[in-house]
Undergrad: 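Encoded as structure tokens, here's the structure I'll be asking about.
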Amino acid sequence: MEWLQTLPPPSHLSHSALSFLDHKFHTKHALSEASTFVSELQTQCSELDRALAELTRRLGAGLAAYTSFSGEIHHLFGDVTARLNALSSSVMPDGGRGEGDGNGGKGFREELATLAKEVARLETAALKLDTFSVKLKNIVRRMGDAVFLEIPTALKLDTLVGDIEDAVSYTMSKSLRKHSSNQNSEEMRLLAIKTLKMTEEILTSITKTNPQWKHLVSAVDHRVDRALAILRPQAIADHRALLASLGWPPPLSALTSSHLDAGNANQVLNPLLSMQSDLKLKYSENFLALCNLQGLQRQRKSRQLKGHDREVALRQPLWVIEELVNPLSLASQRHFSKWVDKPEFIFTLVYKITRDYVDSMDEMLQPLIDEAKVVGYSCREEWISAMVTSLATYLAKEIFPSYISQLDEESVTGIQSSARISWLHLIDLMIAFDKRIKSLVAHTGILLSFDDDDILQKISSLSVFCDRPDWLDLWAEIELGDALDKLKPDIEDESNWRKKVEGVVLSSCTDDHKSPLVSSAFLRHLASVIDRCRSLPSVTLRSRFLRLTGVPIIRKFFDSILIRCQEAEGLTALTDDDAVTKVAISINAAYYFESVLKEWSEDVFFIEMGVDEDGFDARSRDYVKNKRQWQKGEEGWTVSKTLIEALDYLQGKMSVVEVGLNSRDFVGVWRSLAAGIDRLFFNGILISNVKFHNSGVERFSSDLDVLFGVFGAWCLRPEGFFPKASEGLKLLKMDDNRVQACVTGGNRWLKENEIRHLSLTEAEKVLKSRVFTS
């Protein structure tokens, strides 16, 4: 047992050492990690020893140089003193009576000249000494900036993180040596959050002012992340326990299938509104603590993701609303399991809960959200989106897999079942539910941009198809099969080819095309498919669905009239009057069908898909990909020809939209389009590793002028709607000296030069693409 080493008695240890050991080894579990901790301490000690040795070496070298200069100065002063004494003796050898030979004046002048040289040497040496003193002071100052300023900051951070870890430990164990026993875990959690905010403020300041301290920031982040990994689950668990003690979720026993449609929002009791003052205060404090904790996490992510696309990472559901919805969802699912064959009850129950509680939630919780300063969150929007998301999750996990298994079984056995009918019925319910939710959202005052897919996905049960495009393809296949099955009798009924369409049903066209009824049947089914497609919460999904269903229906129509024409020609070579009439009717049907499709194509629904996918992006693809044009321009062109063609197409389409759309929605369209083009130009050109020569900068400036001219028809200052492209051009136009100033000046330089929409990383990427030529 000689190898076993033990600590000395506590009385032999300093107070700081005892506090350190007590802080690090306050649990038995911590003792098992002692060997790892010892290795970390040894590594840190080694690094500190190396840093101290380097500082000692530099200080010793400085002192040695100072000693050398000091000795030289001492020697010079001694030499000057000796020469002054000799001069005094030679000038006045008789003790100052002024007697001597005539050579005394000459000797005095020579000695005086020598003395002047020595004084000059002395001044030079003194100047060198002053210069060295300044250098030595600078060395000491830099050492202080690098080490002596970092040490207090590191110690302060260590203290703060230690307090955080102590507070987190207390919330778990309900006891802590540093605090009195009457402080409860909620108070300690609030203290931990407050300390976390202080720590984050210091880390943010370090990141801005001392980016070289990245290892210190990383070490603190690691310890804080470990604390948060304990603090957040515990805070959420305590919040759930509090909600349960308040009677949340409310009982859903009254909301059975026989009472779903009879419910009244005024009859629903919200336990959160019936709390007494003490419970209400407790809930409010707990609510604020959880909001503050989430706000702190967002602040940390914002710092850690600086220079990257942070919107996706930062945007997450509000935790406090999730904790209200999750138990409701679990309670509802016990009813859902009984309604697999009656999914309409599922949608009705979810809508009823969403509608009945949205007003009371907003009335009580929105002020707390505002007090917590959680920016960008609406209680109404979060409540509605959380309820819809819970429904979509259940559909994706339970309902759709069950329906797909039925379809697979049908395909294996070859026996026709009701699986496809059930699928289409489920889609009908989802579309109807989404329409009611949108109406509820509009009623609550939340404004939706018609092309804001992010918001639409949050409030749409059809968002399940965003993550499962294979399910969308399956739906399109079923929808197409159903439409073609319904069209088959209309195609085979000869009377539908002879009877004419009477009146205008699906088109505002007043021309008499003498079209047969069968063309109207095709258009009716095609319109039905388009209407169902409108509910999809993404332009990409809508476009994909129409390609898979609408295009085959159109092709089926033209194939049908082509077959009839070929039959007429093959049987009688068009010598029979009936054959000629059949061909004429087919031509009429084709013209009528085409005229209706052209009219539909001018609807903003289709223009949006065209602009989004196949329009401007496709026509500007060559412009964006041509990286050499920024090095050498096209001869005879001051602007890019490919961009002119794309803008001409864009202007034509937008003119149609402007005529057919109301002014408010049109503003949303062109602003959204401008934002998309701004992103396209910035990401596809300015930061895509191109090389901008002088001529390229001039060409890009001319291109933007043309672009601004197009959008100038709808606003006075169009460049304001292209912030990234405009500021990128501003950087490209700077001379070499200002570019270097940006590189060294950082964020402060960007602010001084009014670069507000680009991060430092983005600005540096733009400047790196600039090539200066003589």
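As the structure is a computational prediction, the values presented were derived from the model and not from experiment.
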Undergrad: Checking the side chain of Asp434 only, and the main-chain atoms of Ser461 only, is there a donor and an acceptor separated by less than 3.5 Å?
TA: yes
Undergrad: Between OG of Ser538 and CG of Leu462, what distance do you get to the nearest 0.5 Å?
TA: 11.5 Å
Undergrad: Pairing donors with acceptors under 3.5 angstrom, does anything connect the side chains of Asn694 and Arg770?
TA: yes
Undergrad: Specify whether Phe557 and Phe593 have parallel, tilted or perpendicular ring planes, treating 30° as the upper limit for parallel and 60° as the lower limit for perpendicular.
TA: parallel
Undergrad: Where do Glu752 and Arg748 land on the salt bridge (Lys or Arg N to Asp or Glu O under 4.0 Å) test, with the steps shown first?
TA: CA-CA 6 Å; Glu752 291 174 350; Arg748 181 179 179 182; 3.2 Å; yes
Undergrad: Indicate the ring-plane relationship of Tyr351 and Phe433, choosing parallel, tilted or perpendicular according to the 30° and 60° boundaries.
TA: perpendicular
Undergrad: Is Trp383 reaching over with its side chain to a backbone N or O of Thr354, donor-acceptor style, under 3.5 angstrom?
TA: yes
Undergrad: Working to the nearest 0.5 Å, report the span between CD of Glu594 and OG of Ser519.
TA: 13.0 Å
Undergrad: From Asp362 CG over to Cys379 SG, what is the distance, rounded to the nearest 0.5 angstrom?
TA: 5.5 Å
Undergrad: So which heavy atom on Arg232 is nearest to which on Leu293, and how close?
TA: CA-CD2, 3.8 Å
Undergrad: Kindly determine whether Leu731 and Leu758 satisfy side-chain contact (heavy atoms from CB on, under 4.5 Å), including the steps that lead there.
TA: CA-CA 10 Å; Leu731 292 174; Leu758 302 184; 3.8 Å; yes
Undergrad: Using side-chain contact (heavy atoms from CB on, under 4.5 Å), reason through Leu526 and Leu597 one step at a time and then give a plain yes or no.
TA: CA-CA 10 Å; Leu526 183 59; Leu597 292 183; 3.8 Å; yes
Undergrad: For Ile321, does its backbone N or O pair with a side-chain atom of Glu382 as donor and acceptor, under 3.5 Å?
TA: no
Undergrad: Taking only Lys NZ, Arg NE, NH1 and NH2, and the carboxylate oxygens of Asp or Glu, determine whether Glu645 and Lys641 approach each other closer than 4.0 Å.
TA: no
Undergrad: Over all heavy atoms of both residues, which pair between Ser769 and Leu732 is shortest? Give the atoms and the distance, please.
TA: OG-CD2, 3.9 Å
Undergrad: Testing Ile427, Ile431, Leu541 one by one against Ser535 for a side-chain contact (heavy atoms from CB on, under 4.5 Å), which residue passes?
TA: Ile431
Undergrad: Does some side-chain heavy atom of Asp703 sit less than 4.5 Å from a side-chain heavy atom of Val706?
TA: no
Undergrad: Can you confirm whether Asn292 sits close enough to Lys197 that some side-chain heavy atom of one is under 4.5 Å from a side-chain heavy atom of the other?
TA: yes
Undergrad: Nearest heavy-atom pair of Leu480 and Leu548: which atoms, and what distance?
TA: CD2-O, 3.8 Å
Undergrad: Could you tell me the separation between the CZ atom of Phe700 and the NZ atom of Lys733, rounded to the nearest 0.5 Å?
TA: 10.5 Å
Undergrad: Quick one: sort the Phe465 and Trp475 rings into parallel, tilted or perpendicular, breaks at 30° and 60°.
TA: parallel
Undergrad: Taking the side chain as everything from C-beta on, heavy atoms only, tell me whether Leu686 gets closer than 4.5 Å to Phe681.
TA: no
Undergrad: Between Arg555 and Val551, is a side-chain contact (heavy atoms from CB on, under 4.5 Å) present by the stated rule, with each step listed?
TA: CA-CA 6 Å; Arg555 186 181 300 117; Val551 172; 3.4 Å; yes
Undergrad: Judged by atom type as modelled, is there a donor-acceptor pair below 3.5 Å linking the side chain of Ser702 to the main-chain atoms of Glu698?
TA: yes
Undergrad: Determine yes or no for a side-chain-to-main-chain donor-acceptor pair under 3.5 angstrom, with Glu658 supplying the side chain and Phe666 the backbone.
TA: no
Undergrad: Evaluate the ring planes of Trp471 and Phe400, with Trp represented by its six-membered ring, and classify them as parallel (under 30°), tilted (30 to 60°) or perpendicular (over 60°).
TA: parallel
Undergrad: What are the two closest non-hydrogen atoms of Leu704 and Ala725, and how far apart are they?
TA: CD1-O, 3.8 Å
Undergrad: Quick check: does any side chain N or O of Gln629 sit under 3.5 Å from a backbone N or O of Tyr623, one acting as donor and the other as acceptor?
TA: yes
Undergrad: Please find the pair of heavy atoms, one from Phe545 and one from Ala476, that lie closest to each other, and give the distance.
TA: CE1-CA, 3.7 Å
Undergrad: With a 4.5 Å heavy-atom cut-off, do Ile459 and Glu381 have their side chains touching?
TA: no
Undergrad: Please test Lys556 against Asp559 for salt bridge (Lys or Arg N to Asp or Glu O under 4.0 Å), starting from the C-alpha separation and ending with a verdict.
TA: CA-CA 5 Å; Lys556 178 66 176 178; Asp559 287 345; over 6 Å; no
Undergrad: Measuring only between side-chain heavy atoms, which start at C-beta, is Leu368 closer than 4.5 Å to Val320?
TA: no
Undergrad: Look only at the side chain of Arg542 and the backbone of Leu536, and say whether a donor-acceptor pair between them is shorter than 3.5 Å.
TA: yes
Undergrad: Any side-chain heavy-atom pair from Arg534 and Asp531 closer than 4.5 angstrom?
TA: yes
Undergrad: Could you tell me the separation between the CG atom of Leu318 and the CD1 atom of Ile369, rounded to the nearest 0.5 Å?
TA: 5.0 Å
Undergrad: Sub-3.5 Å donor-acceptor pair from the side chain of Ser390 to the main-chain atoms of Met387, do we have one?
TA: yes
Undergrad: Would a distance-only check, ignoring hydrogens and angles, find a side-chain to backbone donor-acceptor pair under 3.5 Å from Lys724 to Arg679?
TA: no
Undergrad: Go through it in stages, so that I can follow the logic: the residues are Leu650 and Phe711, the test is side-chain contact (heavy atoms from CB on, under 4.5 Å), and I'd like the CA-CA distance, side-chain angles, deciding distance and then a yes or no.
TA: CA-CA 10 Å; Leu650 177 67; Phe711 283 83; 4.2 Å; yes
Undergrad: So, using side chain to side chain donor-acceptor pair (under 3.5 Å) as the criterion, who are the partners of Lys435 when residues are at least two apart?
TA: none
Undergrad: Quickly, which of Leu440, Ile384, Val350 forms a side-chain contact (heavy atoms from CB on, under 4.5 Å) with Arg355? Name it, please.
TA: Leu440
Undergrad: Taking the side chain from Gln294 and the backbone from Pro317, do they hold a donor-acceptor pair closer than 3.5 Å?
TA: yes
Undergrad: Is any side-chain heavy atom of Asp678 closer than 4.5 Å to one of Pro723?
TA: yes
Undergrad: Atom CG of Leu707 and atom CD of Glu719: how far apart are they, to the nearest 0.5 Å?
TA: 10.5 Å
Undergrad: Can you find a pair of side-chain heavy atoms, one from Glu727 and one from Val766, that are under 4.5 Å apart?
TA: no
Undergrad: Between Arg532 and Ser528, do the side chains contain a donor N or O and an acceptor N or O under 3.5 Å apart?
TA: no
Undergrad: What closest approach, in Å, do Ser759 and Glu762 show between heavy atoms, and which atom pair accounts for it?
TA: N-OE1, 3.0 Å
